[in-house]
Amino acid sequence: MLRKILHNPQAVVGLILILLLCLMAVFAPVIAPHRPDAIHGAARFTPASFSYPLGGDQLGRCEFSRLVYGARLSLGISVPTVGILVILGMLIGCACAYFGGLVDRVFTVICDIFIAFPSLVIAVSLIGVLGNGIKVVLLSVLVSLWAWYVRIARTYCKTEAAKDYILSARIAGASDLNVVFRHLIPNVLPQFLVYACTGIASVIILISGFSFLGIGFPAGTAEWGAMMNEARTHLYSHPMLIIWPGIFVFAAAAGFTLFGEALRDILTPEDITI
C-alpha cells in the first residue's frame, strides 16, 4: 500500500502538502515569529521583512504568524469533524443497508430532508440561536453534512451486502453484528476513507466560507477565512492580505483532494481484498 502511494505522483504531492500543513500546525509556536494576536502599531501594513516575513496586516499583526496559527484552527476543526462524520456515516449507513426495511426508509427520508437545505442556511440558523464560537461552527458542519456521509456509506454497504461472502457468513451462522463489524465495515471502510479524505477539503472550504461571511468565529480570530473577511476592505490598497489566506486555503484543499483522488485510483475494487 505504501509503495503504491509513493509511486503515485499525485498522491506524493498531496501527501507533501498535507504533511507541511500538519507540521506547520504542530510547530506553530516555533515557526511563528510573533503571537497571532500581538498588535504592533508601527508594523501596520509594513512590507515583508525578516521580522515580518509576509508583512503586517491592518492592525500591525504579523501576517505570517496568523497564517501559521490559522492552520491549527482549520485542521483542528476539519479533521475531527470528518472523523465524527465517518463514524456516524459508517454506523448508520451500514445498519440501514444491511437491515433494510422501515429503518432504511425512515433514514433515507431524513437524509433527503437534510440534504435539501444548503449548509449556509443550517449554519446561519444554528449560529442565530446558539451564538458564535468554535463549538457552534463544529455543530453546524456536522448537522449540514452528516446526511451526505450516511447516504454515501449506505450506497457502498448496499453494494457490498449483496456479495456472496456476506451470504456465506450468514449461512455459516454468523450473527448480524458479527457480519456488520467483522465483514461489512472492514471491506467498505477503505472506499469510504477516500470520500472522507476529499471531504476534509470540503470542510476546510466550508469553514473558511463561514468565516469569510463573518459567521461563527469572533472578530480577530487567526483563521484563514476570518483573515480574508478582515482584509477585504483593503482589497485594492493591500491585496496580498486577502491573497495569502486564499493561497493557504487552496493549498490545504488541494492537498487533501489530490491525496484522496489518488487513493481512489489505488484502492480500486480489484485491489481490495475481500
Side-chain angles (χ1 to χ4, degrees), residues 13-82 123 127 131-138 140-141 200-201 203-257 259:
V13 173
L15 190 59
I16 290 174
L17 288 173
I18 293 171
L19 290 177
L20 287 176
L21 289 171
C22 290
L23 290 174
M24 185 185 299
V26 172
F27 296 104
V30 178
I31 298 174
H34 303 276
R35 296 197 324 272
D37 56 348
I39 298 176
H40 304 281
R44 186 172 181 269
F45 295 128
T46 185
S49 62
F50 180 79
S51 180
Y52 291 83
L54 297 180
D57 66 1
Q58 65 277 5
L59 296 179
R61 298 169 297 190
C62 178
E63 182 77 0
F64 177 73
S65 300
R66 290 175 61 77
L67 289 170
V68 170
Y69 275 91
R72 279 190 164 187
L73 201 54
S74 295
L75 296 180
I77 293 178
S78 59
V79 175
T81 300
V82 173
I127 291 170
N132 288 349
I134 296 177
K135 293 181 180 179
V136 179
V137 173
L138 175 61
S140 302
V141 175
I200 295 177
V203 173
I204 290 175
I205 295 174
L206 185 62
I207 293 173
S208 299
F210 290 165
S211 304
F212 181 73
L213 296 174
I215 300 173
F217 293 103
T221 303
E223 195 275 334
W224 297 332
M227 293 172 65
M228 295 172 68
N229 180 44
E230 292 181 6
R232 60 193 174 91
T233 55
H234 306 281
L235 174 61
Y236 296 105
S237 58
H238 298 86
M240 294 307 298
L241 292 179
I242 197 171
I243 291 176
W244 281 120
I247 291 175
F248 273 70
V249 172
F250 173 80
F256 284 103
T257 301
F259 187 69

Between the main-chain N or O of Gly246 and the side-chain N or O of Trp224, is there a donor-acceptor pair closer than 3.5 Å?
no
Side chain to side chain, Ser237 and Gln58, heavy atoms closer than 4.5 Å
no
Contact check, side chains of Val68 and Phe64, non-hydrogen atoms, under 4.5 Å
yes
If you compare all heavy atoms of Leu73 against all heavy atoms of Ala222, which two are closest, and at what distance to 0.1 Å?
CD2-O, 4.1 Å
Please name the pair of heavy atoms, one in Ala253 and one in Ile205, separated by the smallest distance, quoted to 0.1 Å.
CB-CD1, 3.8 Å
Nearest 0.5 Å, what's the OG1-CG distance between Thr81 and Leu75?
11.5 Å
Could you work out, with ring-ring contact (aromatic ring centres under 6.0 Å, His included) as the rule, every residue matching Phe212, not counting sequence neighbours?
none
For residues 225-247, the salt bridge (Lys or Arg N to Asp or Glu O under 4.0 Å) pairs (sequence neighbours left out) are Arg61-Glu230, Arg66-Glu230
Separation of Ile243 CD1 from His238 NE2 (nearest 0.5 Å)
12.5 Å
Do other residues, nucleotides or ligands put more than 12 heavy atoms under 6.0 Å from the CZ atom of Phe45?
yes
Between atom CG of Leu67 and atom CE of Met227, what is the distance when rounded to the nearest 0.5 Å?
4.0 Å
Out of curiosity, Leu241 CG to Thr233 OG1, how far, rounded to the nearest 0.5 Å?
9.0 Å
So CD1 of Ile39 and SG of Cys62: to nearest 0.5 Å the spacing works out to 13.0 Å
Indicate the atoms forming the closest heavy-atom contact of Ile18 with Gly255, along with that distance.
CD1-O, 3.7 Å
How many angstroms lie between CD1 in Ile204 and OG1 in Thr257, if you round to the nearest 0.5 Å?
8.5 Å
For a 4.5 angstrom cut-off between non-hydrogen side-chain atoms, does Glu223 reach Ile77?
no
Just by modelled atom types, is the Ser51 backbone N or O under 3.5 Å from a matching donor or acceptor in the His34 side chain?
yes
Below 4.5 Å, heavy atoms only, C-beta onward: do Ser65 and Tyr52 meet side chain to side chain?
no
Could you tell me whether the side chain of Met228 reaches within less than 4.5 Å of the side chain of Ser211, counting heavy atoms only?
no
